[in-house]
Amino acid sequence: MKRPLLAGNWKMHLTLAEARALASLVAAASRELSEADLVLIPPFTALAEVRGAIAGSAVALGGQDLFWEDKGAFTGEVSAPLLKDAGCDYVVIGHSERRLHFGETDASVNRKTKAALRAGLAPIVCVGETLEEREAGRTMERVLTQIRDGLDGLGREDMDRVVIAYEPVWAIGTGRNATPDQAEDVHRFIRRRIEEKYGNGAASCAIILYGGSVKPANTYSLLKEKDIDGALVGGASLEAGSFVEIAREAIKGRKERQ
Ligand code: 13P
């Protein structure tokens, strides 16, 4: 059985003291959550602090973005090798907030994904439609473009490390999560596209997360779905109690997977 993956995207939140306190609580709780994989994704400023707080636990560390060049005169940017050196195993790429506010495109997502893989990081590639696209019946078309162009040129072996996060834009930070049926439809669609391109083995091993208003109360029903392998959690990951509860619910849901 595939272990559920729960990643907490802290976005632009938490001071060093707050980050240390939260990461320490998650690390302590992780001993009783050995059936799940937990990842903490703090702002760059808190990577070292969180790395220290989770040392010796099974909790992994991730970055929220990277630049595709390995090094150079790119003021303000952070590269994949620098993230790796800071202790990261994961990096979020193409989050909808970066697409919306910082001009991220499927082409830049593709370059960043390749940079992450080159450095030995697992990219968490985010896709998802806006409300307008959903209402116009264009959800699958949008997601198809994002995975086709975002993952263009990747080989079969790369797919063992790529994580895809389906995050409908209208569900992020709104308190209105996709229903398990809505999420499952898109997850199944993504898995089929992976199968078409890379075969059955890659498709069944692929980790596809759901993100968008994930909370303890909705995790179980989402994780019971066949193609939902975990969650990328924003707001509810900023409090240890709710993130840990989400992990517990995910483990329960996974065991009763349909
Ligand atoms: P919320 O869980 O706050 O809706 O955020 C989801 C998200 O964007 C995670 O990357």
Side-chain angles (χ1 to χ4, degrees), residues 4-14 18-19 22 26 36-44 46-47 50 59-66 83 88-102 104 109 112-113 116 121-131 133-134 139 142-143 146-147 150 162-180 182-183 186-187 190 207-223 228-250 253:
L5 174 67
L6 292 314
N9 175 9
W10 295 357
K11 307 191 181 182
M12 200 170 72
H13 293 289
L14 305 188
E18 290 164 344
L22 175 53
V26 172
D37 290 320
L38 304 182
V39 186
L40 297 182
I41 309 178
F44 294 141
L47 281 173
V50 172
V59 180
L61 190 63
Q64 294 183 11
D65 186 29
L66 54 68
L83 287 179
C88 292
D89 288 318
Y90 294 86
V91 59
V92 175
I93 294 177
H95 192 281
S96 63
E97 287 150 14
R98 296 217 61 85
R99 295 177 189 261
L100 178 67
H101 302 300
F102 303 101
E104 194 85 73
V109 167
K112 291 180 175 193
T113 300
L121 293 166
I124 302 175
V125 180
C126 300
V127 300
E129 81 288 0
T130 61
L131 185 59
E133 287 162 342
R134 172 159 286 265
T139 297
R142 181 75 188 108
V143 169
Q146 289 172 325
I147 54 171
V162 172
V163 176
I164 295 175
Y166 169 57
E167 297 204 305
V169 177
W170 48 271
I172 296 177
T174 58
R176 178 188 166 197
N177 61 289
T179 64
Q182 286 174 322
V186 181
H187 281 236
I190 294 171
I207 296 174
I208 308 176
L209 308 180
Y210 167 77
S213 297
V214 171
K215 295 187 174 47
N218 57 30
T219 303
Y220 173 78
S221 57
L222 286 160
L223 267 283
I228 302 181
D229 301 312
L232 184 54
V233 187
S237 72
L238 293 172
E239 205 263 304
S242 57
F243 188 59
V244 166
E245 194 54 27
I246 284 170
R248 283 203 197 100
E249 292 294 311

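Atoms within each ligand, like the ligands themselves, are counted from 1 in listed order.
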- Task: Check step by step if side-chain hydrogen bond (donor to acceptor under 3.5 Å, both in side chains) holds for H95 and E167.
- Result: CA-CA 8 Å; H95 192 281; E167 297 204 305; 3.1 Å; yes

Present, as a list of atom pairs with distances to 0.1 Å, all nitrogen or oxygen contacts under 3.5 Å between ligand 1 and the protein.
residue: ligand 1; atom: 2 (O); partner: G234; partner atom: N; Å: 2.9
residue: ligand 1; atom: 3 (O); partner: G235; partner atom: N; Å: 2.8
residue: ligand 1; atom: 4 (O); partner: G173; partner atom: N; Å: 2.6
residue: ligand 1; atom: 4 (O); partner: S213; partner atom: N; Å: 2.7
residue: ligand 1; atom: 5 (O); partner: K11; partner atom: NZ; Å: 3.2
residue: ligand 1; atom: 8 (O); partner: K11; partner atom: NZ; Å: 2.8
residue: ligand 1; atom: 8 (O); partner: H95; partner atom: NE2; Å: 2.8
residue: ligand 1; atom: 10 (O); partner: N9; partner atom: ND2; Å: 3.0
residue: ligand 1; atom: 10 (O); partner: H95; partner atom: NE2; Å: 2.9
residue: ligand 1; atom: 10 (O); partner: E167; partner atom: OE1; Å: 3.2
residue: ligand 1; atom: 10 (O); partner: E167; partner atom: OE2; Å: 2.9

- Task: Output yes when a side-chain donor or acceptor of E249 lies under 3.5 Å from a complementary backbone atom of N218, and no otherwise.
- Result: no

- Query: Checking N177 side chain against G212 main chain: does a donor-acceptor pair fall under 3.5 Å?
  - Reply: no

- Residue pairs, two or more places apart or on separate chains, that pass side chain to side chain donor-acceptor pair (under 3.5 Å) and touch residues 239-248: E245-R248

- Taking the side chain as every heavy atom from C-beta outward, state whether P42 and L14 have any pair of such atoms under 4.5 Å apart. no

- Message: Is the shortest side-chain heavy-atom distance between E104 and D65 below 4.5 Å?
- Response: yes

